[in-house]
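Values below: every heavy atom of this structure, side chains too, minus hydrogens, waters and symmetry copies.
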Amino acid sequence: LSSLDQWFLAGGLRVTALLLLPYRYWPFRLLGDIGALLALRLPREAYDGTHWSYFSPLLLPVVMTLVPLLVRQRLNSPASVAKWLPVLLILSAAWGAASNVFVNELLKGPPSINSLDMFVRVTVGYYLGSLIVILPFLLWLLPNAFPGTFRTYVRDALFSLVTFCLIYSAGAWSQNLGSEVRQGILMLMIVPALGMTLQHGWRGAALGITALMIAIWLVLPHFNFESAHDESIFVVQKVLALLTAVMLPLGWIISV
């Protein structure tokens, strides 16, 4: 994918690093972020202007750090991040989209977000891209934080994986039957994720939602141009984003 606003994995990597990495690694994260943006934006100097191409890669990562930095002052453990994860990711996603608008306006760059609809699209893309990255890390950092039998967890995870694969295959096969049919089939992927949540609490929700995010990513068309958008799948993504924002707190409550 060259650029898909409704699915932004780079935003997920940034948010995960800001929320979970120890502060001693932040300078390296910042340098990596700046280097990646320079590699993307310097070749566009002739089209987007010198000031934006050279200075936005330096300014944008710093501005995007502000909200996660404020969050880290209050939530300084992986368990506290997991407890408030949907709120944190929604705030970080909205701030990421707003930061782009601010930096582009300040440096007279290209209007990457010029409407409320596009702002929502980019925010959802940041949020979904963050889920697929941060949840596996939290599962790894909190292996013993939640009760339950590991053998049962693995059994149910394998059953859910098979179910995801069947629904994904049906969704891929149904692309010629109309957008409404395809949307309905893809939304069924919430069922195994919800089952894992009810059976295993937060860690079940985390695993189920990760599999759900991977399935949605795989079903997206592989465009090769900037700001690509698939409205049919975006409808599914918005519904699933709302449901995941409910499932994670529900899973936490069940685990507690």
(message) For the backbone of V63 and the side chain of W95, can you confirm whether one donor and one acceptor N or O come within less than 3.5 Å of each other?
(response) yes

(request) Taking N104 for its side chain and P110 for its backbone only, find out whether a donor-acceptor pair lies under 3.5 Å. (result) yes

[X], [Y]: one ILVMFWY side-chain cluster at the under-4.5 Å cut-off?
X: M247; Y: I214; answer: yes
X: Y126; Y: V62; answer: yes
X: I134; Y: W140; answer: yes
X: Y23; Y: L19; answer: no
X: L131; Y: L21; answer: no

(request) Please say which of L37, L38, V103 ends up in a side chain to side chain contact (heavy atoms under 4.5 Å, CB included) with S56. (result) V103

(request) Take R41 and D48 through the test side chain to side chain contact (heavy atoms under 4.5 Å, CB included) and record every step on the way to the result. (result) CA-CA 9 Å; R41 297 187 175 187; D48 299 320; over 6 Å; no

Return the [atom1] to [atom2] distance between [X] and [Y], rounded to the nearest 0.5 Å.
X: I190; Y: L242; atom1: CD1; atom2: CG; answer: 10.5 Å
X: L212; Y: L207; atom1: CG; atom2: CG; answer: 11.5 Å
X: L58; Y: I34; atom1: CG; atom2: CD1; answer: 5.5 Å
X: M189; Y: C165; atom1: CE; atom2: SG; answer: 10.5 Å
X: L106; Y: H51; atom1: CG; atom2: NE2; answer: 10.5 Å
X: D156; Y: L198; atom1: CG; atom2: CG; answer: 11.5 Å

With heavy-atom distances below 4.5 Å as the criterion, would you say the side chains of [X] and [Y] are in contact?
X: V81; Y: F137; result: no
X: L42; Y: Y54; result: yes
X: M196; Y: I209; result: no

(request) Assign the ring pair Y25 / F28 to parallel, tilted or perpendicular, where the plane angle (0 to 90°) is split at 30° and 60°. (result) tilted

(request) Answer yes or no: does atom CH2 of W84 have more than 12 heavy-atom neighbours from other residues, nucleotides or ligands under 6.0 Å? (result) no

(request) Assess whether atom CD of E45 is packed by more than 12 heavy atoms of other residues, nucleotides or ligands within 6.0 Å. (result) yes

Could you report the tightest heavy-atom contact between [X] and [Y], atom names first, then the distance?
X: A241; Y: L128; answer: CB-CD2, 4.1 Å
X: L60; Y: N100; answer: CD2-OD1, 3.4 Å
X: V15; Y: S92; answer: CG2-CB, 3.9 Å
X: P192; Y: I167; answer: CD-CD1, 4.2 Å
X: N76; Y: R72; answer: CB-O, 3.9 Å
X: P57; Y: W52; answer: CD-O, 3.6 Å

(message) Between R203 and S255, do the side chains contain a donor N or O and an acceptor N or O under 3.5 Å apart?
(response) no

(message) Is it true that Y47 and S53 share a donor-acceptor pair across their side chains at a distance under 3.5 Å?
(response) no

(request) Apply the test side chain to side chain contact (heavy atoms under 4.5 Å, CB included) to residues T65 and R29: give CA-CA distance (whole Å), side-chain angles for both, the deciding distance (0.1 Å), then the verdict. (result) CA-CA 11 Å; T65 300; R29 182 214 61 81; 3.3 Å; yes

(request) Could you tell me which residues satisfy side chain to side chain contact (heavy atoms under 4.5 Å, CB included) with L91, sequence neighbours excluded, listed by chain and number? (result) V87

(request) Could you tell me whether D33 and R14 have a side-chain N and a carboxylate O separated by less than 4.0 Å? (result) yes

(request) Could you please spell out the steps behind the side chain to side chain contact (heavy atoms under 4.5 Å, CB included) verdict for L85 and W252? (result) CA-CA 10 Å; L85 188 60; W252 184 272; over 6 Å; no

(request) Kindly indicate, with the supporting measurements, whether the criterion side chain to side chain donor-acceptor pair (under 3.5 Å) is fulfilled by T163 and S160. (result) CA-CA 5 Å; T163 308; S160 298; 5.8 Å; no

(request) Please test W26 against L18 for side chain to side chain contact (heavy atoms under 4.5 Å, CB included), starting from the C-alpha separation and ending with a verdict. (result) CA-CA 8 Å; W26 276 36; L18 289 172; 4.0 Å; yes

(request) Can you sort out the partners of Y153 under ring-ring contact (aromatic ring centres under 6.0 Å, His included), two or more places apart, ordered by chain and number? (result) H200

